[in-house]
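Side chains included, hydrogens not; waters and symmetry mates left out as well; all remaining heavy atoms used. Atoms within a ligand are numbered from 1 in the order they appear, just like the ligands themselves. Numbering of residues begins at 1 and proceeds along the displayed sequence.
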Amino acid sequence: MTDLASLTVLQAHKMLSQGEISSSELTKAVLARISKRQSVGAFITVDHAGALVQAAKADQFLSDNPAKNTPLLMGIPLSIKDVISTKGLKTTAGSKILENYIPPFDATIVAKIRQQGGVILGKNNCDEFAMGSTTENSAFFVTKNPHNLKKIPGGSSGGSAASVADGQSLLSIGTDTGGSVRQPAALCGVVGLKPTYGRVSRYGLIAMSSSLDQAGPFTKDVSDSEAVFELLIGKDPYDATTCSFKDAPEAKNKLRIAIPKGIVDKLSPVVKENFLKGIKQLSTKHELTEIDLPDPDLALAVYYVLMPSEASSNLSRFDGVRFGNNRSHFGPEVKRRIILGTFALSGGYYDAYYKKALEAKEYLTQRYLQVFNNFDLIITPTTATSAWDIGAITDPMEMYLSDLFTVTANVTTLPAISVPYGVDGVLPLSLHFTASSGREDLLFKIGKEVENL
Ligand code: GLN
């Protein structure tokens with residue numbers, strides 16, 4: 001008998017539509033796994049009863065509509081990062097300020113999942129307002145890395161990554177503003193995708209930084225990522241920044257992959273060795289070339305001006321009058337970013353910081369788009385190290401440096417994927433690919449190849 005909790009979305013979909021298993025059985029197996037592994041701390045809210053009701057409904061649908069054209073997510077137990085609004089289900093953003101907030105509406109992506117018949121198990125733990133790289137900034141508790149409970153799972157969507165890696169969910173949807181889908185996916189050994197800015201609706205996401213935020217899936221493999229991505233994308237009348245993209249041309253077999261020069265000097269010895277091995281393996285089929293690109297430090301500097309500026313503006317709605325508790329309930333990292341952002345936007349400094357960062361963002365975007373005139377993909381590792389000990393990094397500046405390889409995709413609006421590749425003992429390592437706007441197809445193609453190396 002298969003361990004039901006370890007199934008991928010596509011495997012479970014096939015078994016459900018062929019009547020080999022029921023959604024109730026599958027949902028109970030996953031709920032049992034959640035209870036057994038509470039020590040991981042992947043969930044802020046588990047909607048046990050609600051999930052079983054949704055599963056029973058899915059089973060009814062499956063028996064009324066046998067075999068053909070079953071929606072992909074019908075009866076699939078999945079979870080949602082707690083910064084994404086779910087109607088009737090508590091949504092805290094990992095913050096005491098929203099400790100008891102129950103949204104009166106669904107985010108567009110949640111509505112899409114419900115239309116599909118997806119079974120929402122609950123809400124995954126995350127750093128407060130998605131600010132962090134470890135989930136240590138959650139106001140409630142720290143999520144643990146399921147491969148070693150002393151290690152961080154990454155962040156900010158650490159609960160999402162841990163739940164999928166640990167069989168506590170078949171799929172989770174997270175948000176990625178500077179790497180919060182890809183980095184925890186990398187550290188927990190699952191696939192994490194940040195789509196091109198504008199492909200997936202942000203309506204109903206508790207905003208961190210509106211020009212950088214993008215929701216994306218955590219899945220056990222690349223085929224699941226691709227299938228779920230197809231369901232999430234599309235224009236949304238509630239989000240004016242969404243747009244539709246042309247169908248991508250057929251990808252060539254041999255891809256031109258750029259390696260940013262100097263990148264290996266920034267990696268820990270294990271990650272470096274693993275990355276060089278990946279390059280060597282991929283070189284047997286593809287053309288890999290070192291190229292000059294602006295140092296990733298530049299994107300990091302731009303990110304840590306634009307992100308707090310936008311966050312300070314977005315968070316001003318939490319004034320203790322319209323939503324939730326008063327502002328003293330913000331945690332220290334959130335306060336730090338509000339202060340940073342307010343400073344960067346203030347009269348005397350606006351030109352020196354915010355305006356300059358916007359110019360640098362434009363420069364970087366143009367530079368990266370130029371690269372894609374001659375290349376299909378850019379390769380880096382997702383992170384410079386494997387997962388570190390809980391509590392090991394306390395200096396905020398040092399924490400910000402851990403976003404080195406992920407923030408560029410957000411600053412330049414480009415799509416990027418993290419795919420597991422190699423290990424450091426029990427801890428997963430990964431490769432990270434960035435493609436041109438709307439070319440997620442290339443990310444899925446290379447991702448599937450990496451899975452088979
Ligand atoms: N770690 C980054 C930060 O702290 C990214 C956060 C995110 O993508 N939500 O800002």
> Has ligand 1 got any nitrogen or oxygen that is less than 3.5 angstrom from a nitrogen or oxygen of T177?
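Yes - when backbone and side-chain N and O of T177 are compared with those of ligand 1, one distance drops under 3.5 Å.
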> What part of F129 sits under 4.0 Å from ligand 1 if we count only heavy atoms: the side chain, the backbone, both or neither?
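Neither; nothing of F129 gets under 4.0 Å from ligand 1.
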> Verify whether one side chain among S6 and K220 offers a donor that lies under 3.5 Å from an acceptor in the other.
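Looking only at side-chain atoms, K220 and S6 do not form any donor-acceptor pair under 3.5 Å.
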> Please check: side-chain N/O of K112 versus main-chain N/O of L232, any donor-acceptor pairing under 3.5 Å?
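Side chain of K112 to backbone of L232: a pair is present.
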> Backbone N or O of Q214 within a donor-acceptor pair of the D176 side chain at under 3.5 Å?
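A pair under 3.5 Å: no.
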> Just heavy atoms, cut-off under 4.0 Å: does M399 contact ligand 1 by side chain, backbone, both, or neither?
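Answer for M399: neither.
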> List the steps and the verdict of side chain to side chain donor-acceptor pair (under 3.5 Å) for T385 and S268.
CA-CA 6 Å; T385 65; S268 75; 6.0 Å; no
> So, 4.0 Å and heavy atoms of R337: is ligand 1 close enough to count as a contact?
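Yes, R337 has heavy atoms under 4.0 Å from ligand 1.
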> Indicate yes or no: does an N/O atom of M307 lie under 3.5 Å from an N/O atom of ligand 1?
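The answer is no, given that M307 and ligand 1 share no N or O pair closer than 3.5 Å.
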> Using a distance-only test with no angle check, is there a side-chain donor-acceptor pair under 3.5 angstrom linking S172 and N124?
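On atom types as modelled, these side chains qualify, holding a pair under 3.5 Å.
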> Which atoms of ligand 1 have any heavy atom of G178 under 4.0 Å away?
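Listed by number with element, the hits are 5 (C), 7 (C), 8 (O).
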> Within ligand 1, which atoms have a heavy atom of M208 less than 4.0 Å away?
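Selected atoms, number and element: 9 (N), 10 (O).
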> Parallel, tilted or perpendicular for F129 and F318, by the 30°/60° rule?
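If you compare the ring of F129 with that of F318, the planes turn out tilted.
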> Could you tell me, atom by atom, which parts of ligand 1 come under 4.0 Å of a heavy atom of Y304?
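Going through ligand 1 atom by atom, the ones under 4.0 Å from Y304 are 2 (C), 3 (C), 4 (O), 10 (O).
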> Have a look at ligand 1 and work out which part of D403, if any, has a heavy atom under 4.0 Å from it: side chain, backbone, both or neither.
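Side chain only.
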> Counting distance only, does the side-chain N/O of D213 pair as donor-acceptor with the main-chain N or O of M208 below 3.5 Å?
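At least one qualifying donor-acceptor pair exists.
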> Kindly confirm or rule out an N or O of G132 lying under 3.5 angstrom from an N or O of ligand 1.
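Yes.
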> Is it true that Y303 lies under 4.0 Å from ligand 1, counting heavy atoms only?
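Per 4.0 Å heavy-atom rule, Y303 contacts ligand 1.
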> So which protein heavy atom does atom 7 (C) of ligand 1 come closest to, and at what separation?
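Here the nearest protein heavy atom works out to S180 OG, 2.4 Å.
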> Between N145 (side chain only) and L187 (backbone N and O only), is there a donor and an acceptor less than 3.5 Å apart?
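Flag set: sc N145 to bb L187 pair under 3.5 Å.
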> Counting N and O atoms only, with roles assigned by atom type, does the side chain of N137 sit under 3.5 Å from a partner on the main chain of G331, one being a donor and the other an acceptor?
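Here the side-chain-to-backbone pair does not exist.
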> Mind checking whether A130 contacts ligand 1 via backbone (N, CA, C, O), side chain (CB onward), both or neither, at a 4.0 Å heavy-atom cut-off?
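The answer is both.
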